[in-house]
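Comments concern the structure below.
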Amino acid sequence: MLVVESQRERLLTAMVRAVAERGYDNVSIADVVEAAGVSRSVFYEEFSSKDECLFAAYDAMVEELIQRISTAFSPDDPWPTKVRLGLADLLEQFATEPELARMAAIEIPGVGAGAHQRYRDAVERFLPFFRMGREYSPHGDELPSEVDLMAVGGAEAIIFDEVIAGRTERLPSLLPEILFALLVPYLGPEQAVEEMRQATSET
Amino acid sequence: MEESASFRDRPGARGKDVQRRGDRLPTDFVAQSQRTRILEALAESCAERGYAATTITHIVDRAGVSRATFYELFRDKEDCFMAAANWLLGDLMTVTTGAYSPDKPLVHVVRDAATGIVNLFADRPAFAQLAFVEYRTATPRALQLYQSGVRVILSLLDQLRADATTDAALPSSAARGAIGGAEAILRREVAAGRAAQLKSVLPQILYSCLVPFLGQDEALRQAALAET
């Protein structure tokens, strides 16, 4: 299948690569347009600044991540299975494309204001996957209101540590542990350990 | 120059009396309060416009000191930021270790440490912004300092884990995930401008920290006890 990338897409891809390779501060618009094989004027048709291009790349990346995860499981799967399959897909994506993972962490000194909020907004996009957890949990009604954010935050912390340390290739092997972090606020430790064991035996 | 005293006892802190005398204040004291004012000014400037857009002019204007004074005390903006972050880290450690006492059940130590940390940040929203929002994009070294702070709490929760009946089965990252959950909630509140009301999320923070080690029933119970 022939995939034709638009010029905009080529710019976004080039930006992600350039940032991963040399750090945001060292990336110039000239670098990005050269790597994308487009002219400077095309860049300015699409974006008004380097930051804007970076943020657009970021948003596109998050969107794609979410789309792929949504197709990783079937609607009939029990909720913990959905979480496991979605997580497996996410970790696989990060392991095969480390610059994606680094971008996701948006650990980028020098980026303008708004980077942090973008990151928080991206994390919040994963929350809907967890709403079902409340119905599935034996303690459904009693769970704290922010249990979804708690679960995602726990996984985020573990994933982030590995990404920052440059160990993205380890991520798929950490699936059982990260799954535990996602499930324990909803299911408690015994059940979360059980799910973790099942995930371990299936890899 | 001596490291400044505890964050809460800093000169000019709310509730802390500053002696007024007819004579000139001793130079050590003046220097100390200037340093403190600069660090607070940095935090407030960063809270307002972000670290990247904060200039030394912003800082010295806000602190009411001269540029010369700034440069006597700090090498540059980053140096100043790191000093503020270190100050905070020191107090985090003080609060956490201060929560220990002999024969105190570990779950109460965790509760008291969590309460102390929440209060630390609720009292100074600009520093909460620094700790939870700015640290990621300010400077790479800031992230390292943040991770040091996390390790302080990690060691506390790992002790709780050693007591847990399910200890052997829990993943090695259980405490890191528990803290991550609390961090996400704190970060959201601070980024939304609700740092001064952080106490309201203490029950949720406790639940996140305790559930892997004590189970849902006990974690819910402890969270309910923490409701004000």
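Numbers restart at 1 for each chain; the letters A, B, ... are given by sequence-line order, proteins then strands.
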Would A/Gln67 and A/Glu63 count as having a side-chain donor-acceptor pair, cut-off 3.5 Å? yes

If one checks every heavy atom of A/Ser145 against chain B at 4.5 Å, the contacting part turns out to be both

Sort B/Ile185 into side chain, backbone, both or neither according to what part of it lies under 4.5 angstrom from a heavy atom of chain A. both

Taking NZ, NE, NH1 and NH2 as the nitrogens, is one of them in B/Arg176 or B/Glu183 under 4.0 Å from a carboxylate oxygen of the other? yes

Determine the interplanar angle of the A/Phe130 and A/Tyr186 rings, folded into 0 to 90°, and report it as parallel if under 30°, tilted if 30 to 60°, perpendicular if over 60°. parallel

Do you know the tightest heavy-atom contact between B/Leu130 and B/Ala85? CD2-N, 4.3 Å

A/Leu174, part contacting chain B, at a heavy-atom distance under 4.5 Å: neither

Please classify the contact between A/Glu177 and chain B as side chain, backbone, both or neither, with a heavy-atom cut-off of under 4.5 Å. both

Will you find, in the side chains of A/Asp31 and A/Ser28, an N or O donor that is under 3.5 Å from an N or O acceptor? yes

Who wins among B/Ala191, B/Ala223, B/Gly215, B/Ser173 for the most heavy-atom pairs under 4.5 Å with chain A? B/Ser173

